[in-house]
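Keep in mind the model is a prediction, meaning the values are calculated, not measured. Computed over heavy atoms, backbone and side chain alike; hydrogens, waters and symmetry mates excluded.
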Amino acid sequence: MEQTKTKGTKEKMIRYIFFAICQLFCVGSLIYFSVTGTLSQALICALSVGCLCLPDLAERLFKMKIGLPMYLFVLAYAVCPTLGHAYKFYYLIPWWDTLLHTVGGVVFAVLGAYLPKIILKKEDVSVLLCALTGLLFSVFVAVVWEIIEYTADSLFFTDMQQDTFVHSIYSYLIGDKLGEIGAIGGITSVTVNGVTLDAYIDIGLIDTMTDVIFETLGALAYAVVYLIDKGKRVSIKYINRKENETPTSS
């Protein structure tokens, strides 16, 4: 009993320290970019500050206990958008955005797998149901996020759906006959209103589809592992308030 209590105290200390470090970094970044940066940089920092509070808030609202590894993982993930946008990691590290969407697929699948337990108000729920719900919830979040990016780009002229240069086009719009697919290959130069580009710009399609695909792959990987493990080593557990002892996450 004493050993369990000591372990719980140690976990709380680790949680508090890591939370404080992440918050200090994001709040400091918010102050810095509010003074020296752009509005979008400051807003992303503010978003990270808010997201860092979500795990603790979710535990209180949804009767859940987030295991320590997952808790630290989610906090680190919440800081990554600030690194990506405010500190230019999206542009300095080509795979940064893909990494975040893959990791995001896992994070939201973990949360989604917990939804049946919230709805049914019990820990003992079908493993298949939890895995499937986790996968579908994560894909749903990925689609909603891409809608948000498209809306922001359309209304506020941002570039959340990052453009990609493409060197070939296949479309029925350029076909010789009705419904026939035409092709333009080997594109090395495109001029738009006097501005010469190295290739045609896809206006975000490739970025959007890549994001959804990798987030789906991350979610699918978690669902498969969850099924293989039969939900034994879950990162989030339902807390039954009627029980005298609160179950701990593995």
Side-chain angles (χ1 to χ4, degrees), residues 38-41 43-44 47 77 80-113 128 131-227:
T38 63
L39 176 61
S40 63
Q41 288 175 313
L43 287 175
I44 289 295
L47 179 63
Y77 180 72
C80 286
T82 290
L83 294 174
H85 185 70
Y87 291 94
K88 310 297 185 183
F89 276 34
Y90 284 132
Y91 314 103
L92 296 174
I93 305 176
W95 44 263
W96 185 257
D97 185 53
T98 300
L99 173 66
L100 291 194
H101 281 281
T102 306
V103 172
V106 176
V107 171
F108 292 114
V110 171
L111 296 176
L128 179 60
L132 183 60
T133 304
L135 173 62
L136 296 179
F137 179 75
S138 187
V139 173
F140 168 75
V141 171
V143 173
V144 170
W145 178 250
E146 294 305 320
I147 292 173
I148 292 173
E149 287 191 347
Y150 173 78
T151 302
D153 291 349
S154 300
L155 298 180
F156 305 109
F157 308 108
T158 58
D159 189 25
M160 296 184 71
Q161 296 176 297
Q162 297 179 30
D163 301 327
T164 304
F165 281 123
V166 294
H167 298 278
S168 58
I169 300 172
Y170 300 92
S171 173
Y172 76 89
L173 293 176
I174 54 177
D176 293 331
K177 300 178 181 178
L178 182 64
E180 182 181 80
I181 298 176
I184 302 176
I187 301 173
T188 57
S189 178
V190 174
T191 302
V192 181
N193 290 350
V195 178
T196 301
L197 307 173
D198 293 333
Y200 172 75
I201 295 181
D202 80 320
I203 61 172
L205 175 61
I206 292 177
D207 177 72
T208 295
M209 295 310 302
T210 300
D211 291 348
V212 172
I213 289 170
F214 275 93
E215 190 146 348
T216 301
L217 289 175
L220 182 61
Y222 177 79
V224 170
V225 171
Y226 192 94
L227 287 172

Given the rule in the side-chain contact (heavy atoms from CB on, under 4.5 Å) test, do V107 and V103 qualify, once you have shown the distances and angles that lead to the verdict? CA-CA 6 Å; V107 171; V103 172; 4.2 Å; yes
Enter the distance from F108:CZ to F137:CZ here, rounded to the nearest 0.5 Å. 7.0 Å
Does T216 reach the side chain of V212, with side-chain heavy atoms less than 4.5 Å apart? yes
Report the distance from atom CD1 of I93 to atom OH of Y87, rounding to the nearest 0.5 Å. 14.0 Å
Once you round to the nearest 0.5 Å, how far does CG of D97 lie from CG of D207? 5.5 Å
Any side-chain to backbone donor/acceptor pair from H167 onto I187? Under 3.5 Å, distance only. yes
State the CD-OG1 distance between Q162 and T208, to the nearest 0.5 angstrom. 10.0 Å
Rounded distance (nearest 0.5 Å) linking atom OG of S189 with atom CG of L197: 8.0 Å
Test side-chain contact (heavy atoms from CB on, under 4.5 Å) applied to H101 and W96, step by step: CA-CA 9 Å; H101 281 281; W96 185 257; over 6 Å; no
Side-chain touch E180/Y172, heavy atoms, less than 4.5 angstrom: no
Pair E215, V139 - check side-chain contact (heavy atoms from CB on, under 4.5 Å), show working. CA-CA 7 Å; E215 190 146 348; V139 173; over 6 Å; no
Does the side chain of T102 come within less than 4.5 Å of L217's, by heavy atoms? no
Candidate pair L128 and L227, rule side-chain contact (heavy atoms from CB on, under 4.5 Å), full reasoning: CA-CA 7 Å; L128 179 60; L227 287 172; 4.1 Å; yes
Short side-chain donor-acceptor distance under 3.5 Å, H85 and S40: yes
For the student: nearest non-hydrogen atoms of Y77 and G104, plus distance: OH-CA, 3.3 Å
Looking only at non-hydrogen atoms, find the nearest pair between C80 and L100 and report the distance. CB-CD2, 3.3 Å
Tell me the closest heavy-atom pair linking D153 and M160, and the distance in Å. OD1-N, 2.8 Å
Would you say T196 and V190 make side-chain contact, with heavy atoms under 4.5 Å? no
Please report the shortest heavy-atom distance between L135 and A223, naming the atom on each side. CB-CB, 4.3 Å
Spacing of I201 atom CD1 and I206 atom CD1 [to the nearest 0.5 Å]: 11.5 Å
Has the side chain of S138 got a donor or acceptor atom that lies under 3.5 Å from a matching backbone atom of G105? yes
Verify, without hydrogens or angle tests, whether Q41 (side chain) and T38 (backbone) share a donor-acceptor contact under 3.5 angstrom. yes
Heavy-atom nearest pair, D202 first then L205, reads OD2-N, 3.0 Å
For I181, does the CD1 atom sit with more than 12 other heavy atoms under 6.0 Å from it, leaving out its own atoms? no
